[in-house]
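Notes to accompany the following structure.
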Number of protein chains: 2
Amino acid sequence: MQNYKLTIAYDGTRYQGWQGQGNTDNTLQARLEGALCRLTGEQVEVHASGRTDAGVHAAGQVVSFALAKPIPPDTLMEHLNRYLPQDMGVMALDFAPPRFHARLNAVGKTYVYRIWNDPRPDVFARRFRYAQPQPLDVAAMGQAARLLEGQHDFRSFCGLPRFKKSTVRTIFHIGVTRQGNEVCLRFTGDGFLNRMVRILAGTLVEVGQGLRTPESMTDVLAACDRSHAAGALPAHGLTLEQVYYDSIPNA
Amino acid sequence: MQNYKLTIAYDGTRYQGWQGQGNTDNTLQARLEGALCRLTGEQVEVHASGRTDAGVHAAGQVVSFALAKPIPPDTLMEHLNRYLPQDMGVMALDFAPPRFHARLNAVGKTYVYRIWNDPRPDVFARRFRYAQPQPLDVAAMGQAARLLEGQHDFRSFCGLPRFKKSTVRTIFHIGVTRQGNEVCLRFTGDGFLNRMVRILAGTLVEVGQGLRTPESMTDVLAACDRSHAAGALPAHGLTLEQVYYDSIPNA
């Protein structure tokens, strides 16, 4: 078997997520496996670095899979991009060592949450940004972000804790920046719990609105109770930007 | 009557243009007039700075109209943005002098043609960029652009000359820039003929591919014959960026 490492971008708007729950074929994984099967005649099983939720996008999701009959990566990439729908695109494809696994070998990820912070409508990027018309205090959000960085039990920020599984994670960096009317929250960590980025983003937005103080983040973390953090922001503002396998920048 | 100046952005993907030809209500003008009529109860007729073709976008189309019963611009803008579809948005609205007319008073416009110059798919902005995977020589395109600037008879670049109407126009500036995988062509002029920007963009792309020399632009202009220029590029890469009423930057 020849193992591959594939980097894929997708507009998640019309999909039930990377891997759906229950009876749905409308998933990104199913589309990619379908295209691989059509191309190779093999029943290929792909492994992503993680499952993105319904409506979440990716600029650099990483996927591993193996083929019994190897095809040169350039050829395979070109053919895949012809077979995949327009809202999915292979950005890179390479041979990978036999034991490479996109989920098990990942050492970190960067997610970006984009906010359109303007009372006027977001005509061009509305599928990729969450509209929050009220002014946001980006400096306060940055102060709050500092307190969330580091190794913590993020149970308060976990949508669905799994029985006996650890909710301790390390966030290496949370960037809070404004460019014109866009506020961008960039989270780099060793891993993220169910809905964690969207709940962190929602809590930071409440800090930006003055509904919470930056200092209160310490208490929210210490509570280890989901009810202490804010609600999750909508999926469409979230993009999985990059997955790391060797080292993490600024970690 | 109270006159207004309105600036509107739209994603033109699903419309038959600003003002359709023949039997269609699927136009941007019809949507705007419909929303104004619902809000005011008046049969409002709007005048745009110009008609954008089917599939062309705008970041700053300007429109004038008058109301018998004035409404404060802030209130009217807020209500309009609630009534308009998500792919249309009012960016600015002000009272205007009684004789202001968005088309007759315009002294210049900037159009932008965006090209995705990469063999990989354009997953996120594919509705707003024309994909041209072959490498483009941006320096040669810039040289060609210099020869197209100034006052010329642009008949070779006019899709549908109108009987006895002048095809002389002045282009103040054509910016050719590359940012990563995007090549951006920015045309500022006193007015543009039917399909002129898309035909200019198509001809510059052929220069970028090495199919024409930059110097040949002089002959194409002199020919005054449509068959000497390239075909028009697709509508979806084109955006009307700004309309000028007082002075034109760098003109």
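Given the structure is predicted, the values throughout are model-derived calculations rather than measurements. Residue numbering restarts at 1 for every chain, and letters A, B, ... go by the order of the sequence lines.
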Report task. Select one option (side chain, backbone, both, neither) describing which atoms of Ala59(B) are under 4.5 Å from chain A's heavy atoms. Result -> both
**Report entry** Flag if over 12 foreign heavy atoms under 6.0 Å of CZ, Arg114(B)
**Finding:** yes
**Report entry** Residue Arg51(B) excluded, over 12 heavy atoms near CZ under 6.0 Å
**Finding:** no
Query raised in the report: What part of Met77(A) lies closer than 4.5 angstrom to a heavy atom of chain B: side chain, backbone, both or neither?
Result: side chain
Requested in this report: Measure distances from Ala131(A) to the heavy atoms of chain B and classify the residue's part below 4.5 Å as side chain, backbone, both or neither.
Outcome: neither
Query raised in the report: Hey, what do you get for CG (Asp11(A)) to CG (Asp122(B)), rounding to the nearest 0.5 Å?
Result: 11.0 Å
Query raised in the report: Which atoms form the tightest heavy-atom contact between Arg120(A) and Met91(B), and what is the distance?
Result: CD-O, 3.1 Å
Report summary line: Nearest heavy-atom approach of Pro121(A) to Gly89(B) is CG-CA, 3.5 Å
Report task. Could you tell me the separation between the CG atom of Asp87(A) and the CZ atom of Phe124(B), rounded to the nearest 0.5 Å? Result -> 10.0 Å
Query raised in the report: Which answer fits Phe128(A), side chain, backbone, both or neither, if we ask what part of it has an atom under 4.5 Å from a heavy atom of chain B?
Result: side chain
Report task. Verify the neighbour count for atom NE2 of His47(A): are there more than 12 heavy atoms of other residues, nucleotides or ligands below 6.0 Å? Result -> yes
Requested in this report: Please step through side chain to side chain contact (heavy atoms under 4.5 Å, CB included) for the pair Val123(A) and Gln86(B), ending with a clear verdict.
Outcome: CA-CA 7 Å; Val123(A) 170; Gln86(B) 284 201 316; over 6 Å; no
